[in-house]
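What's counted below: heavy atoms across the whole structure, side chains too, no hydrogens, waters or symmetry copies. Order of appearance sets the numbers: ligands from 1, and atoms from 1 within every ligand.
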Amino acid sequence: MLDFTYSIPTKIHFGKDALDFVGEEVKKYSSKVLLTYGGGSIKKNGVYDKVVKELKESGVEIFELSGIEPNPRIDSVRKGVKIIKENNIGAILAVGGGSTIDASKFMAAGALADFDPWEFISKGKPMSPAIPLLSVLTMAATGSEMDNGGVITNPETKEKLSSGHPDTKPKVSFLNPEITYTVSKYQTACGSSDILSHIFENYFNQYGSMYMLDRMMESLMKTVIKYGPIAMKDPNNYEARANLMWASSWAINGFISSSSKSQWTVHPIEHELSAFYDITHGLGLAILTPRWMEYVLNETTAHKFYDLGVNVFDIDKDLDQIEVAKKTIEKVKEFFFDTLGLDSNLKEIGIDDKYFDQMSKKACGKKEKIDGFIELSPADVRKIYEMCLED
Ligand code: NZQ
Ligand code: ZN
């Protein structure tokens, strides 16, 4: 168990009236705001009208940047930075999922930088200082509404990489579960897969963990496993949407990671799939996760799979540890592929081994390894990709 510093300074307005506070909160930071959003879902479901009304009533001047793509591109960041600088804007209100919020984090830092925002990635320049960012979350998945990281894509170099700084953490996030009623079945499934993966990335760590946090993580996992399918079948189920939304934030806001210092594993491997093939993040995670689990399962790691199986999937605790571990992996597959109905291998989504060598190297980064639950080399990562081609 490790020492840690805990700080989650994002203020949350949660519930059906959460958006009533948008105007007054933004006004505290600036009288001019850049409103960022994606491809238009917020115009169809009334969220745009509500947000604009609240901002206008508070006397906030609105500038807009729409069209932020899923797997957001650095060009969108550049556009946002330009608008902010030209109009002397003092805050950003991101209204969307992880893509819009992530891109806005890079804009928030880019607004006060005198260099191209891709240098936050290519040259590792710190994303600080930054202008204040606030967010209206429209789908439960990434947790970007309450963490300091963002992931950005450069299609020219086929790179999808993350950076972040506490200064880019949203100052305030507005979470109304009703807004997520319009999220499609597919995106609800992918969001659930993403939340679950964030918890796995912390749960499976090589440095030991804290009993209290492990049990919290198991509760979060149970929440996703229970409510993901309910939200898919019954999209307007408030209880399901609310549980998923709050679980998404707590899966990545720093609380459960307090005692874990292992590097995340499945995420960097997935980001290469999204970078090369522009697939949905949660889908890539679903395909990779059970293969990664099979690859790292051995006598020394089995205890963690045992805990997961017994405490989350209710597998008989009296069975042999390895047997429980194998059954656990089957349960994980069942959840992703049968219950959530996600595609179960890369072939089904038109991906072959063409770029596996490049992707494996890139996933391991400059250190040429992923120092996660089990250390992985590019050759290991390649084998995991290959396993994803099999049924
Ligand atoms: O663009 P619009 O029209 O808004 O439609 C979006 C988009 O097509 C739609 N959507 C969102 N809210 C909706 C809705 N449709 C109907 N009703 C609503 N209420 O859903 C689609 C996907 O949106 P996106 O923002 O891309 O999804 P998500 O939240 O899953 O974000 C994915 C991105 O976040 C990154 C991923 O890699 C990916 O680029 N991640 C960010 C993390 C972070 N900041 O900490 C961690 C994650 O591990 C992840 O890597
Ligand atoms: Zn994720």
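- Annotation: cation-pi pair Lys327/Phe313 absent, no NZ/CZ under 6.0 Å from the ring centroid and within 45° of its normal.
- With Tyr295 as the aromatic partner, Lys383 does not meet the cation-pi criteria of under 6.0 angstrom to the ring centre and within 45 degrees of the ring axis.
- Backbone and side-chain nitrogen or oxygen atoms of Thr180 are examined, and none is located within less than 3.5 angstrom of a nitrogen or oxygen of ligand 1.
- Every atom of ligand 1 with a heavy atom of Asp102 under 4.0 Å away is listed here by number and element: 34 (O), 35 (C), 40 (N), 41 (C), 42 (C), 43 (C), 44 (N).
- For the pair NE2 of His198 and NE2 of His281, the angle at the Zn ion (ligand 2) is about 170°; rounding is to 10 degrees.
- For Asn45, every heavy-atom contact with ligand 1 shorter than 4.0 Å involves the side chain, none the backbone.
- Criterion: ILVMFWY side-chain heavy atoms under 4.5 Å apart, direct or through other members. Under it, Leu285 and Phe305 are part of a common hydrophobic cluster.
- A donor-acceptor pair shorter than 3.5 Å cannot be found between the side chains of Glu145 and Asn253.
- At a 3.5 angstrom cut-off on N or O pairs, His271 counts as close to ligand 1.
- Classification of Asp114 and Lys85 as a salt-bridged pair fails, no side-chain N sitting under 4.0 Å from a carboxylate O.
- Leu55 and Ile84 fall into different hydrophobic clusters, where Ile, Leu, Val, Met, Phe, Trp and Tyr residues are linked whenever their side-chain heavy atoms come under 4.5 Å apart, directly or through other members.
- The Ile179 neighbourhood of ligand 1 comprises atoms 19 (N), with distances under 4.0 Å to a heavy atom of that residue.
- Distances between N or O atoms of Ile68 and those of ligand 1 include no value under 3.5 Å.
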Please step through side chain to side chain donor-acceptor pair (under 3.5 Å) for the pair Lys32 and Asn88, ending with a clear verdict.
-> CA-CA 8 Å; Lys32 284 184 184 182; Asn88 204 16; over 6 Å; no
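- Counting atoms of ligand 1 from 1 in the listed order, those under 4.0 Å from a heavy atom of Pro70 are 8 (O), 26 (O).
- Considering backbone and side-chain atoms alike, Lys105 places every N or O at 3.5 Å or more from each N or O of ligand 1.
- Checked options Phe204, Tyr385, Trp264, Phe200; the residue passing with Trp292 is Phe204 (criterion: ring-ring contact (aromatic ring centres under 6.0 Å, His included)).
- By the 6.0 Å and 45° rule, Lys158 does not stack over the aromatic ring of Tyr277.
- With a 4.0 Å cut-off on non-hydrogen atoms, Thr280 does not touch ligand 1 at all.
- Heavy-atom proximity to atom 15 (N) of ligand 1, evaluated over Ser162, Gly191, Ser41, Ala103, is greatest for Ser41.
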Steps toward ring pair (Phe, Tyr, Trp, His ring centres under 6.0 Å) verdict (Tyr48, Tyr37) | CA-CA 9 Å; Tyr48 174 87; Tyr37 54 99; 5.6 Å; yes
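- The closest approach between a heavy atom of Lys44 and any atom of ligand 1 is not below 4.0 Å.
- Val52 and Ile89 are assigned to two separate hydrophobic clusters, defined by single-linkage of ILVMFWY side chains at heavy-atom distances under 4.5 Å.
- Proximity to Val151 (heavy-atom distance under 4.0 Å) selects the following atoms of ligand 1: 40 (N), 41 (C), 50 (O).
- With atom 47 (C) of ligand 1 as the reference point, the heavy atom nearest to it among His198, Met139, Glu201 is part of His198.
- Using a 4.0 Å cut-off between a side-chain N of Lys or Arg and a carboxylate O of Asp or Glu, Glu294 and Lys333 qualify as a salt bridge.
- At least one heavy atom of Pro72 sits less than 4.0 Å from an atom of ligand 1.
- For Glu270, the closest heavy-atom approach to ligand 1 does not fall below 4.0 Å.
- Among Val95, Asp278, Thr142, the residue whose heavy atom lies nearest to atom 42 (C) of ligand 1 is Thr142.
- Between Thr10 and Lys171, the side chains place no donor N or O within less than 3.5 Å of an acceptor N or O (distance only, hydrogens not considered).
- Note on ligand 1: Gly143 sits outside its first shell, no heavy atom being nearer than 4.0 Å.
- Within the structure, ligand 1 lacks Ile42 among the residues with a heavy atom less than 4.0 angstrom away.
- Residue Thr182 touches ligand 1 through backbone and side chain together, judged by heavy-atom distances below 4.0 Å.
- Ligand 1 has no atom lying under 4.0 Å from any heavy atom of Gly96.
- Contacts between Asp147 and ligand 1, counted as non-hydrogen atom pairs separated by less than 4.0 Å, involve the side chain only.
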Give the intermediate values and the outcome of side chain to side chain donor-acceptor pair (under 3.5 Å) for residues His303 and Asp307.
-> CA-CA 6 Å; His303 66 99; Asp307 282 355; 5.2 Å; no
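- When each atom of ligand 1 is checked for a heavy atom of Gly149 under 4.0 Å away, the hits are 43 (C), 44 (N).
- When each atom of ligand 1 is checked for a heavy atom of Gln187 under 4.0 Å away, the hits are 20 (O), 21 (C), 22 (C).
- The minimum distance between the Zn ion (ligand 2) and any N, O or S atom of Asp194 involves atom OD1.
- Under the 4.0 Å criterion applied to side-chain N and carboxylate O atoms, Lys222 and Glu218 are not assigned as salt-bridge partners.
- Ligand 1 places these atoms under 4.0 Å from at least one heavy atom of Ala141: 29 (O), 30 (O).
- Of the protein's heavy atoms, none falls inside 4.0 Å of atom 6 (C) of ligand 1.
- Contact analysis puts Lys160 in contact with ligand 1, with a non-hydrogen atom separation below 4.0 angstrom.
- Within ligand 1, counting atoms from 1 as listed, the ones closer than 4.0 Å to a heavy atom of Gly38 are 1 (O).
- Neither the backbone nor the side chain of Ile101 comes within 4.0 Å of ligand 1, counting heavy atoms alone.
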